[in-house]
Amino acid sequence: MTTRTGLSVSQGAALSVGAVLGTGLISMPALAAEAAGPASLVAWLALILLSAPLAWTFAALGARYPDGGGVSTYARMAFGPRVAAAVGWCFYFAVPLGAPVAAAFTGGYVADVLGGGRTTEFVTFLAIIGTAYGMNWFGLRISGRVQLVLSACLAALLVVTVVAALPHARWENLQPFAPHGWTGIGAAAAILVWGFAGWEALSSLSGEYRNPQRDVPRATLIAVAVVGVLYLAVAAVSVLALGPALAGSRAPLADLLAIGVGGPVRAITAVVAVVLTLGAVNAYFAGGSRLGAALAGEGALPGRVFGSQRKSMTFILVASVVSALLPLGLHTAALLVTGCFTLVYVIGTAAALRLLPAGWSRVVAGVAFLAVVALLWLNGWPALLSLAIAAGAVIYQQVSSRSRAPVVADSEETCQVG
């Protein structure tokens, strides 16, 4: 069980906002607009509305079963260790898939200032993951307090951007509203999962509150409201102020600040993007290295490759470079990651349907479950990767448990002979 640290409602809400408010927002408005045009605003609104039952479900789980293990713990309680390992695999292998995407978001801002296109983006990626790897290798962590400050800086940047660009909003930029048809809204929603991933952290924090049953729901409502307002405001202003140019932008926040403020805002925004992304990727490497080593310790991954934090982190580094070199577009690469996140949410909400008592909480969990299943379907063929990862976890455990069984039997016979 997690030790209580006296977390207040305001602190918990701030940490929850920090967990969800990721660097994806620096490019998500452009990717969503590319998929759906102005109708991407419908996808943003749908994801915000989904956040309420999803966040509430994880908060209810955390309030009832305060534990730091999060979704893996609930999957183990509801479905057993193999499904819990599948959750771990989805989280772990999403890291080397997600690090290149996060760095590519920032690389677009750097290339916007320095030029060089894809080459500059790739060099930015190597610099960010190399720095994160070196910091974690030598045990240099970015503390949770610093991570929270970085999230606060992002929130402040978003507010300034919205206020500066709002006078340039034009209603005519909403036409044509759905240039790619209504199916584009589903495609936009699938990719926007990236920006909303993190609600599962609510359950991991639950055991640290002074009074989980009272404080977790309050912190959740505050976090959902803050994230929803920020996201919808940025998305709306991006569509209304940039118009058709939004879909092709690699640095939408810089474009908004440029028309709203002017001056050297592109260089400033690029620096902010690099710092924010370095903080996020550092957290990916730190958390991922621990997760890989923990899974290896439980027998859910081979210890020879993942048996220590440094081994696990080295795998993440190599796999990240390989992922970055694959001939995948940014949109497809992001969908591969969001597919993993969405499958984790499917498993987590399914576990809630088994663990939560009959009543309002289970009804909300049912709504969240149906919604994330629909999102997994909308993810399209990239969702197959997440299913393959989960299946790989189950198959690996099945095979490894069989290979260990004769060894145990032999050792028992040896002990009897002795």
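Between the side chain of T106 and the main chain of A103, no donor-acceptor pair closer than 3.5 Å is present. Between the T277 side chain and the V274 main chain, no donor and acceptor come within less than 3.5 Å of each other. Between the side chain of N136 and the backbone N or O of A132, at least one donor-acceptor pair lies under 3.5 Å. The backbone N or O of L356 sits less than 3.5 Å from a side-chain atom of R362, completing a donor-acceptor pair. Between the Y65 side chain and the L355 main chain, a donor and an acceptor come within less than 3.5 Å of each other. A donor-acceptor contact shorter than 3.5 Å is absent between the side chain of T332 and the backbone of L328. Judged by distance alone, with hydrogens and angles left aside, the side-chain atoms of S40 form no donor-acceptor pair with the main-chain N or O of A36 at under 3.5 Å.
Distance check, rounded to the nearest 0.5 Å: CG of L276 to SG of C153 gives 7.0 Å. In this structure, the separation between CG on L242 and CZ on R170 is 12.0 Å, given to the nearest 0.5 Å. Note that the CG atom of L232 and the CG atom of L47 stand 11.0 Å from one another [nearest 0.5 Å].
Y92 and S312 share a side-chain donor-acceptor pair at under 3.5 Å. Using modelled atom types and a 3.5 Å distance limit, the side chains of T220 and W56 yield no donor-acceptor pair. Side chain to side chain, N379 and T338 meet the donor-acceptor criterion of an N or O pair below 3.5 Å. Between the side chains of S27 and Y109, no donor-acceptor pair of N or O atoms lies under 3.5 Å.
Screening L157, V159, V163 for a side chain to side chain contact (heavy atoms under 4.5 Å, CB included) involving T161 leaves a single residue, L157.
Residues R354 and Y74 have side chains not in contact (no heavy-atom distance under 4.5 Å, counting atoms from C-beta outward).
Between W137 and F285, a ring centre-to-centre spacing not shorter than 6.0 Å is recorded. Outside the 6.0 Å centre-distance limit, the rings of Y345 and F369 are not counted as a close aromatic pair.
Using bins of under 30°, 30° to 60° and over 60° for the plane-to-plane angle, the ring pair F306/F93 lands in the perpendicular bin.
Within the structure, the ring pair (Phe, Tyr, Trp, His ring centres under 6.0 Å) test picks out the following pairs touching residues 212-256 (sequence neighbours left out): W44-Y231, F196-Y231.
Of all heavy-atom pairs spanning P96 and I316, the tightest one is CB-O, 3.8 Å.
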For residues 259-272, which side-chain donor-acceptor pairs fall under 3.5 Å, sequence neighbours excluded?
{"residue": "R266", "atom": "NH1", "partner": "D112", "partner atom": "OD2", "Å": "2.8"}
{"residue": "R266", "atom": "NH1", "partner": "D255", "partner atom": "OD1", "Å": "2.8"}
{"residue": "R266", "atom": "NH2", "partner": "D255", "partner atom": "OD1", "Å": "3.0"}
{"residue": "T269", "atom": "OG1", "partner": "V265", "partner atom": "O", "Å": "2.6"}

